[in-house]
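Below is one structure; the comments refer to it alone.
Residue numbers begin at 1 in each chain, while the letters A, B, ... track the order of the sequences.
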Amino acid sequence: MSGMSGMVATLRGVRKTVGSGSARRTLLDGVNLELEAGKLTVVVGRSGSGKSTLLHLLGGLEPADEGAIEVAGVRVDGASSAQLVDLRRHRVGFVFQFFHLLPELTGEENVLLPARMAGDGAQARERARALIRRLGVEEAASRLPGVLSGGEQQRLAVVRSLVNEPLLVLADEPTGNLDEASGHEVLGLLRSVADEGQSVLLVTHDAEASRLADRVLTLRDGRLAE
Amino acid sequence: MRPLLAGALARLRRRRGRALLAAAGIAAAAAMTGAAVTVSYNLHDGFARSADEAGIPDVIVHFDPHAAGRVAARVKSLPNIASVSLQLEQRPVVLRTRGHAPITSGDLLGTVGTRHGYKIVAGRDLSGRTGEVVIERGLASQWHLHPGDRITVGGPSTGGAVGARVVGVAVAPDNVAYPLASGARIWMPYRVVAAIDGAAGQPVNTALLWVNDRSQLGVTLEQARAASYGLSGVNFVTREGVGVLIDGAAGIVIALLVAVSLGALVGAGVMVVASSRAEVQRRLETIALLRAIGASPRAITGAAAVEAAMVALPSATLGLAVGWWAAAGASARLLEALDQFPRGAALLLPLSVCLVAIVALVAAASAWPTWRACRRPVAAMLRDAELPTGARALRLPAGTIGLGMRIAVARPVRTAATTVVMATSAAVVLLLLGLATTLQRLEHDPGTIGKNYQLTSHSGVLALPRIRRLPGVADAAQRFSSPVADSFQLGETFNLVSYCGNRLRFEDPPLAAGRRATSPGEAEVGQGLATALGLVPGGTLAVQFGDGEEARFHVTGVVRTLDNDGRVAYVQPGVEVCGFRGGQTVIQLKDGADQGAVTAALNLTGNRPATVGGVTSRNAAFLGVLATLLRTIAVIDGLVCLYVLAQMLALTALERRGAVGLLRACGADRTQVGMVFFGAASVVVAVALPVAVLVERLVLGPRAADLAASYATVSLRAGTAEVLLALAGLVLIAVVASAWVARRALAEPITRLLRDD
């Protein structure tokens, strides 16, 4: 396992509840977490325990009720919408369970989508092609998602999450919708991403992920434990 | 069926926003329909309807003042006469009332008899007592007069003035209303008018004749001509002739409005059908599930129809009411300007028919695709309800706009339906813009009616050489125009035009048939006159002048001219007209000549010139009313475009929630999300505009121009400026719709968008 140092993200006393009245439920209850560069951190827990919410808070997709969240030196809690847009463009990359590739775009065009949002043109194209080559998805890159396998689609999604060279990659059950072999490939990719120096936070039920991780945390009753 | 209906109700309640969106679309279409029906139904056949209502005479005979007794005796000898009123018409008289500037062009009428040819619309008729006056509605509107108010009437010959109390307000459709007409008409007891006139011997100068049998009017006119021997200045005007004149005054605009309204109706119908189809497409998965659990196609279709009708009934009612409200005021003002009556409560019938038709159309438009969908295998329906895989590679950009374009293309039926509605609406807007330009040209540019001269002057033939020598003058000629009647159909009056000089250099309306009249005794007749008299090249035009003289001309050609509604004949007289006195000097300017400098030079030589205008009324109020009507239709049309595009984008946003969520997760800001929707909208705009231009140029424009003036060539082709203006409007609509939909899409949390995909 790689050992590049440097703090990429921290959570201090983060609290998040959902619902209201009698249906109110606490998902995260004073969560503290530090994510280092070059590390693959895996969070496991039961369904509905708040694992995905933890990723969403780090990516600025939804706000925390309490606590401090900092990603790559930027305070996420209380950030303006422009700051959150900048965070998503340059500092954070997402990989989702259901790939979320746009069916109208080819693999390469899907990969380039975050770069286009960031206004990063020619350089991003070179970067994307290099990533595509490095991660071995050249064939899928020229085709539309509708004709690709789940594994190919998720590998493209991983490449997409990296195209803007984020410091933090957030992967939400990336193997949850894949067969065993494809899941193995994707986990291997994420491991290599961490080895390249980026911090990867992986939420999963996959036991194999725990074997590849630098650190495995369990989310239970709103709190993280080693 | 009952559970399905209950389901439909529940769905409407649950998806209130979507139901409201559909209702808004139906309401917009209904508003357009309501406005179109209100305008066209009110204006259609306006003169005939109003003439019947007011009981205007079949023939109006004007002549120089004669003793009423002598005129009455002659009229009594005529056959087929049902009723007669004799009038003394005195103009101009000065009208005054408190708080307003005097009107110096008053038209005072005093009637010997009981029928005036008007309808009292406020107050009562004259009782015969002095001190009473009935005023025309146009004057009442201008001066805000009501029964009980007072005015003062003065005759120029007496210099004195009499005060009178307004007892009634009348509408006489045998002329347009003041101020569209140059004179404001008022009616007072005959003896008061005679006293103001100051003439002795009970003089009258107008006879109003009502006949028993209108089909025998020609015979009556022929007899009347003969009986008028000894009277001077005799001029016959038939009710039919008045109708032609009145309709001609605003006929071009009214006919175009009717044409535009019909276009709007077509657009509204297409929109209703398209939105219903989109709704069914959106519900395809639900329909498939209902089929899968055993619901019959008939029950599903029936429930869809009832659900659609439940949305359509209130929204169409509201829309029709809004359309009526928007157009009723403007069309009523237009009718008022023409001295005609609106339909009033009679409008309820066509509006009710429209309500039933719209609800039926919406129900059918929902039921038919539902029925077709139900007939297909459930698996195929479920497959079609899924998002397209985008298996076809598209040569479109991959940026935000390009992505939007690809998303739009992935739903070809919806995009095509939206494009059809947008193209129809844009074509109507182009027609309106073309109409506005044409009206402006008709008003100011004499060239549009085939007149190639810019100034006129009442100089004699002898002044021609001196005028021709003036700097900036290309040529000048003497033009003679005489009001004449057809020798066989005396009610058909028209203008006979001849020139001392080369006529075609000054006046060359396009030939519709035959050839130019170049030899003595030949004539070209306007299309309007040719239609009225059944003239064709090779025929004979028999003309009777005011003094009873007759002349015959060989018709060589038919020309398209708007001058005098095409009731004009251009002749090469058998005698040299250059020796005649009178006429009008027409002056053609050199290209680029300063009209002001030429005018000043003419003034210096004592030949005071007048600028030549076009054919339409120069009455600002009248044109203002027309502009309001056109604007109303254009605004409703624009709102329809906005709604249709917004609905298409809203449907897209709903279907592609995941895509919007992903874009935002990748760092898209509000502008970028908006650009994606703008890209989708731009596909519609890019196709709709060229289609609209083609439809306007090839279908709507020629058809509307033909309706407006079949007797003349009027081009309603939208020019480059109009097309650019329409493009700007469509782009603006696309920007507004995109921004609105993007705003709604951004209001939702990203996580929910991604979860619901």
Report the C-alpha distance between A:R129 and A:E108 in whole Å, list the side-chain angles of each, state the deciding distance to 0.1 Å, and finish with yes or no for salt bridge (Lys or Arg N to Asp or Glu O under 4.0 Å).
-> CA-CA 8 Å; A:R129 286 185 178 158; A:E108 185 179 318; 3.1 Å; yes
Checked A:L61, A:V92, A:L101 vs chain B; the most non-hydrogen pairs under 4.5 Å come from A:L61
What is the distance from atom CG of A:L105 to atom CD1 of B:I407, rounded to the nearest 0.5 Å?
-> 8.0 Å
Any idea how A:F96 and A:F94 line up, ring-wise: parallel (<30°), tilted (30 to 60°), or perpendicular (>60°)?
-> parallel
Count the heavy-atom pairs under 4.5 Å between each of B:G402, B:G399, B:G661, B:A665 and chain A, then report the option with the highest count.
-> B:A665
Report yes or no: do A:E185 and A:S182 form a side-chain donor-acceptor pair below 3.5 Å?
-> no
Is it the side chain or the backbone of A:R160 that comes within 4.5 Å of chain B heavy atoms, both, or neither?
->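 Interface part for A:R160: side chain.
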